[in-house]
**Student:** 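Encoded as structure tokens, here's the structure I'll be asking about.
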Amino acid sequence: MMAKQYDVVIIGAGSVGTPTAYFLAKEGKKVLCIDQYSSSGQGQNKAAIGGVRATHSDPAKITICKKSLEIFSAWKETAGTDIGWKPGGYCFPIYTEKDEKTMRDMLPIQKKFGLNIDWIDANGIAKAVPGINMKGLRGGTLSPDDGQVSPLMASESFTREARKLGAEFRYREPVKKLGMKDGSVASVETDRGTYTAETFVNAAGANATAICEMAGFSMPVIPDSHEAGITSPVKPFLPPLVVDIRPGSDVMTKNFYFGQVESGQIIFCYTPLQPILGTDRRETSEFMPILARRLVSLIPRLKNLTIRRLWRGLYPMTPDGVPIIGKAPGVDNMFLGIGMCGQGFMMGPGVGYNLASHIAKGKPAMDQEIYELLSPKRDMGRGKAERLA
Ligand SMILES: Cc1cc2nc3c(=O)[nH]c(=O)nc-3n(C[C@H](O)[C@H](O)[C@H](O)COP(=O)(O)OP(=O)(O)OC[C@H]3O[C@@H](n4cnc5c(N)ncnc54)[C@H](O)[C@@H]3O)c2cc1C
């Protein structure tokens with residue numbers, strides 16, 4: 001059978017792959033996006049709780065997420081589709097002196113990058129987060145331009161818009177092999193076909209290392225498990241997504257974060273104290289009693305909510321907690337959009353936009369020097385993973 005020829009083949013139709021397909025198709029490229037699941041966004045994308053913020057401390061993450069916010073917040077006008085965009089910002093309520101210093105120390109760099117974020121006093125936080133426990137509350141940060149989006153609605157909409165521009169999507173096709181020729185990728189092979197292209201993008205999320213290995217090199221993307229849940233809907237009362245960065249007094253939870261989605265449900269997630277390494281996505285309920293106590297102690301009025309569903313997903317982690325974006329080392333026609341850690345949904349559109357520019361125009365849309373901070377060739381040994389969502 002003759003291999004089908006494309007300009008770009010993307011492996012993975014998730015948080016990164018779907019916006020990348022859209023922006024590449026917009027650049028006039030003939031695109032194929034392949035996924036092992038039956039539709040877009042069914043990998044880690046649908047595990048995300050949909051928090052989107054530019055208020056990081058890393059210049060590259062700030063720049064990428066500013067672009068993502070621009071894309072998400074204008075998407076209804078761009079595509080005419082609701083993706084559940086809810087402005088309302090992120091709020092980090094702070095209860096300890098040490099955490100206050102951490103948050104205040106980040107403000108100068110965040111301001112330098114033009115982010116709308118400030119330290120506000122306890123009464124200001126109580127206004128933003130009605131019903132919050134005031135005992136020991138020192139104040140906190142609020143960044144009103146951040147927000148929330150539905151990950152499944154977003155990946156579906158990126159897919160639909162990419163298709164309108166001529167991109168093709170093939171589902172239920174796990175990529176089994178890369179055909180290599182003279183040190184470049186020549187083709188992608190699945191059980192149902194062989195697809196050739198000039199350029200290939202690895203956007204395979206938690207499975208990214210395996211795809212790199214098919215091309216003869218290695219990248220350290222190490223999945224770890226996180227669990228999340230959602231309640232029944234209630235009347236809207238909580239504009240921001242709230243992040244409690246205190247470790248729990250329990251043995252299990254580090255920070256936790258939650259917000260009320262556009263349709264009224266409270267959606268929540270936590271970071272385990274000890275990373276749960278591996279790819280096991282079977283959900284447990286062991287964190288529920290602990291997290292429920294933490295949620296209710298932070299906002300007592302949440303005690304009447306009913307939890308409807310729990311799930312488990314993976315953070316595709318890197319050793320330094322920073323994504324890996326750019327040209328693959330030693331394989332000229334392969335680009336990487338991998339290692340998104342706990343922030344891949346919010347980074348997806350910004351990564352896709354810059355990768356499309358890098359592929360189509362030879363350079364990213366963002367400042368090259370900042371883009372290089374994400375380079376696959378950087379030293380990933382140093383630095384501490386930024387594991388807040
Ligand atoms: C509980 C939880 C909450 C989270 N909350 C947030 C949040 O609020 N905000 C945020 O920004 N991030 C959040 N994240 C992180 C976010 O979900 C991930 O960082 C992001 O989805 C990773 O995007 P990706 O495109 O790299 O991977 P994915 O979205 O998983 O896409 C990769 C795709 O590649 C496909 N694939 C892999 N291997 C192959 C193969 N061999 N052949 C074919 N297809 C293949 C997969 O099927 C998958 O669809 C959360 C994660 C979890 C688990």
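For ligands, and for the atoms within them, numbers begin at 1 and follow the listed sequence.
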**Student:** Please work out, at 4.0 Å between heavy atoms, whether the side chain, the backbone, both, or neither of R312 comes within that distance of ligand 1.
**Tutor:**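 The answer is neither.
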
**Student:** Ignoring hydrogens, just give me the one of S68, A203, G344 whose non-hydrogen atom is nearest atom 32 (C) of ligand 1.
**Tutor:**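 Looking at heavy atoms only, the winner is A203.
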
**Student:** When you measure from the heavy atoms of G50 to every atom of ligand 1, does any distance fall below 4.0 Å?
**Tutor:**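 Per 4.0 Å heavy-atom rule, G50 contacts ligand 1.
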
**Student:** Does the side chain of N333 come under 3.5 Å of the side chain of T199 through a donor N or O and an acceptor N or O?
**Tutor:**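 Checked: N333/T199 side chains show no N/O donor-acceptor pair below 3.5 Å.
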
**Student:** Output the list of atoms in ligand 1 that are nearer than 4.0 Å to some heavy atom of P174, sorted by atom number.
**Tutor:**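 Answer for ligand 1: 42 (N), 43 (C).
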
**Student:** Any idea which atoms of ligand 1 are less than 4.0 Å away from a heavy-atom of G12?
**Tutor:**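 What qualifies from ligand 1 is 33 (C), 34 (O), 35 (C).
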
**Student:** Can you list the residues that meet the side-chain contact (heavy atoms from CB on, under 4.5 Å) rule with A197, with sequence neighbours excluded?
**Tutor:**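 Per chain and number, A197 pairs via side-chain contact (heavy atoms from CB on, under 4.5 Å) with Y6, V9, F200.
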
**Student:** Side chain or backbone, does F345 bring an N or O within less than 3.5 Å of an N or O on ligand 1?
**Tutor:**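 N/O-N/O distance under 3.5 Å: yes.
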
**Student:** Cationic tip of R246 within the cone over Y95's six-membered ring, i.e. under 6.0 Å and within 45° of the normal?
**Tutor:**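 Yes, a cation-pi geometry holds between R246 and Y95.
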
**Student:** Can you list the atoms of ligand 1 that are under 4.0 Å from a heavy atom of V175?
**Tutor:**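 Within the 4.0 Å cut-off of V175, ligand 1 contributes 40 (C), 41 (N), 42 (N), 43 (C).
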
**Student:** Is a side-chain donor-acceptor pair under 3.5 Å present for Q42 with S40?
**Tutor:**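 No - no donor-acceptor pair under 3.5 Å links their side chains.
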
**Student:** Under 4.0 Å from a heavy atom of Y37: which atoms of ligand 1 are those, numbered in the order shown and with their elements?
**Tutor:**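 Near Y37, meaning under 4.0 Å from one of its heavy atoms, ligand 1 has 47 (O).
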
**Student:** We want to know whether Y22 and E27 form a side-chain donor-acceptor pair, criterion being a heavy-atom distance below 3.5 angstrom.
**Tutor:**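 No, no side-chain donor-acceptor pair sits under 3.5 Å.
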
**Student:** Just distances here: any N/O of H226 and N/O of ligand 1 closer than 3.5 Å?
**Tutor:**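 Between H226 and ligand 1 (N or O atoms, distance only) the closest approach is not under 3.5 Å.
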
**Student:** In terms of side-chain heavy atoms, does T96 have a donor or acceptor partner in D99 at a distance below 3.5 Å?
**Tutor:**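 Yes, a side-chain donor-acceptor pair sits under 3.5 Å.
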
**Student:** Do any nitrogen or oxygen atoms of N45 come within less than 3.5 Å of a nitrogen or oxygen of ligand 1?
**Tutor:**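 Min N/O separation from ligand 1 is below 3.5 Å for N45.
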
**Student:** Check for me whether Q42 has a heavy atom closer than 4.0 Å to any atom of ligand 1.
**Tutor:**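 No heavy atom of Q42 comes that close to ligand 1.
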
**Student:** Among Ile, Leu, Val, Met, Phe, Trp and Tyr joined by side-chain contacts under 4.5 Å, find the other residues sharing a cluster with I222 and list them by chain and number.
**Tutor:**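 Members alongside I222: L277.
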
**Student:** Would you call the rings of H226 and Y315 parallel, tilted or perpendicular, where under 30° means parallel and over 60° means perpendicular?
**Tutor:**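 H226 and Y315: parallel rings.
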
**Student:** Is the shortest N/O to N/O distance between Q44 and ligand 1 below 3.5 Å?
**Tutor:**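 Yes, since at least one N or O of Q44 sits under 3.5 Å from an N or O of ligand 1.
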
**Student:** Looking at Y90, does the NZ or CZ of R53 lie under 6.0 angstrom from its six-membered ring centre and within 45 degrees of the ring axis?
**Tutor:**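 Ring-cation test returns yes.
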
**Student:** Please state whether K176 comes within less than 4.0 angstrom of ligand 1, counting heavy atoms only.
**Tutor:**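 No, K176 has no heavy atoms under 4.0 Å from ligand 1.
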
**Student:** Side chains of Y195 and R170 only: does a donor on one sit below 3.5 Å from an acceptor on the other?
**Tutor:**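 Judged by distance alone, the side chains do pair up.
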
**Student:** Ignoring hydrogens and geometry, is there a side-chain-to-backbone donor-acceptor pair from K86 to Q260 under 3.5 Å?
**Tutor:**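 Yes, because the side chain of K86 sits within donor-acceptor range (under 3.5 Å) of the backbone of Q260.
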
**Student:** Ligand 1 and D35, any nitrogen or oxygen pair closer than 3.5 angstrom?
**Tutor:**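 Min N/O separation from ligand 1 is below 3.5 Å for D35.
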
**Student:** Kindly confirm or rule out an N or O of G313 lying under 3.5 angstrom from an N or O of ligand 1.
**Tutor:**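 N/O-N/O distance under 3.5 Å: no.
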
**Student:** Examine R301 relative to F237 and say whether NZ or CZ is less than 6.0 Å from the centre of the six-membered ring and inside a 45° cone about the ring axis.
**Tutor:**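 Here R301 passes the 6.0 Å and 45° test against F237.
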
**Student:** Is a donor from one side chain sitting under 3.5 angstrom from an acceptor on the other, for T318 and D320?
**Tutor:**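 Yes, because at least one side-chain N or O of T318 sits under 3.5 Å from a partner of the opposite role on D320.
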
**Student:** Given G342, C341, G229, G339, which one has a non-hydrogen atom that is nearest to atom 18 (C) of ligand 1?
**Tutor:**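 Among G342, C341, G229, G339, the closest heavy atom to atom 18 (C) of ligand 1 comes from C341.
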
**Student:** Using side-chain contact (heavy atoms from CB on, under 4.5 Å), reason through N123 and M134 one step at a time and then give a plain yes or no.
**Tutor:** CA-CA 9 Å; N123 289 330; M134 297 291 285; 3.8 Å; yes

**Student:** Checking the N or O distance criterion of under 3.5 Å, is ligand 1 in contact with L314?
**Tutor:**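 No.
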
**Student:** Roughly how far apart are E161 CD and K26 NZ, rounded to 0.5 Å?
**Tutor:**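 It is 10.0 Å, given to the nearest 0.5 Å.
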
**Student:** Compare M346, K177, R172 and give the one whose heavy atom is closest to atom 11 (O) of ligand 1.
**Tutor:**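 Minimum heavy-atom distance to atom 11 (O) of ligand 1 goes to M346.
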
**Student:** So is there a nitrogen or oxygen of S15 less than 3.5 Å from a nitrogen or oxygen in ligand 1?
**Tutor:**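 N/O-N/O distance under 3.5 Å: yes.
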
**Student:** Within a distance under 4.0 Å of any heavy atom of V16, pick out the atoms of ligand 1 and give their elements.
**Tutor:**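 Once the distances to V16 are compared, the set is 25 (O).
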
**Student:** Answer side chain, backbone, both or neither: which part of A204 comes under 4.0 Å from ligand 1, heavy atoms only.
**Tutor:**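 Both parts.
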
**Student:** Could you tell me which atoms of ligand 1, counted from 1 in the order shown, lie closer than 4.0 angstrom to a heavy atom of I211?
**Tutor:**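 So the answer, numbered in order with elements, is 41 (N).
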
**Student:** Report yes if I49 has an N/O atom closer than 3.5 Å to an N/O atom of ligand 1; otherwise report no.
**Tutor:**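 It does: an N or O of I49 is found under 3.5 Å from an N or O of ligand 1.
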
**Student:** Which atoms from ligand 1 have a heavy atom of A228 less than 4.0 Å away?
**Tutor:**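 This gives 1 (C) as the contact atoms.
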
**Student:** Test your reading of the structure: does N207 have an N or O sitting under 3.5 Å from an N or O of ligand 1?
**Tutor:**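 Yes - when backbone and side-chain N and O of N207 are compared with those of ligand 1, one distance drops under 3.5 Å.
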
**Student:** Pull out every atom of ligand 1 sitting under 4.0 Å from any heavy atom of Y257, numbered as shown with elements.
**Tutor:**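 This gives 3 (C), 4 (C), 5 (N) as the contact atoms.
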
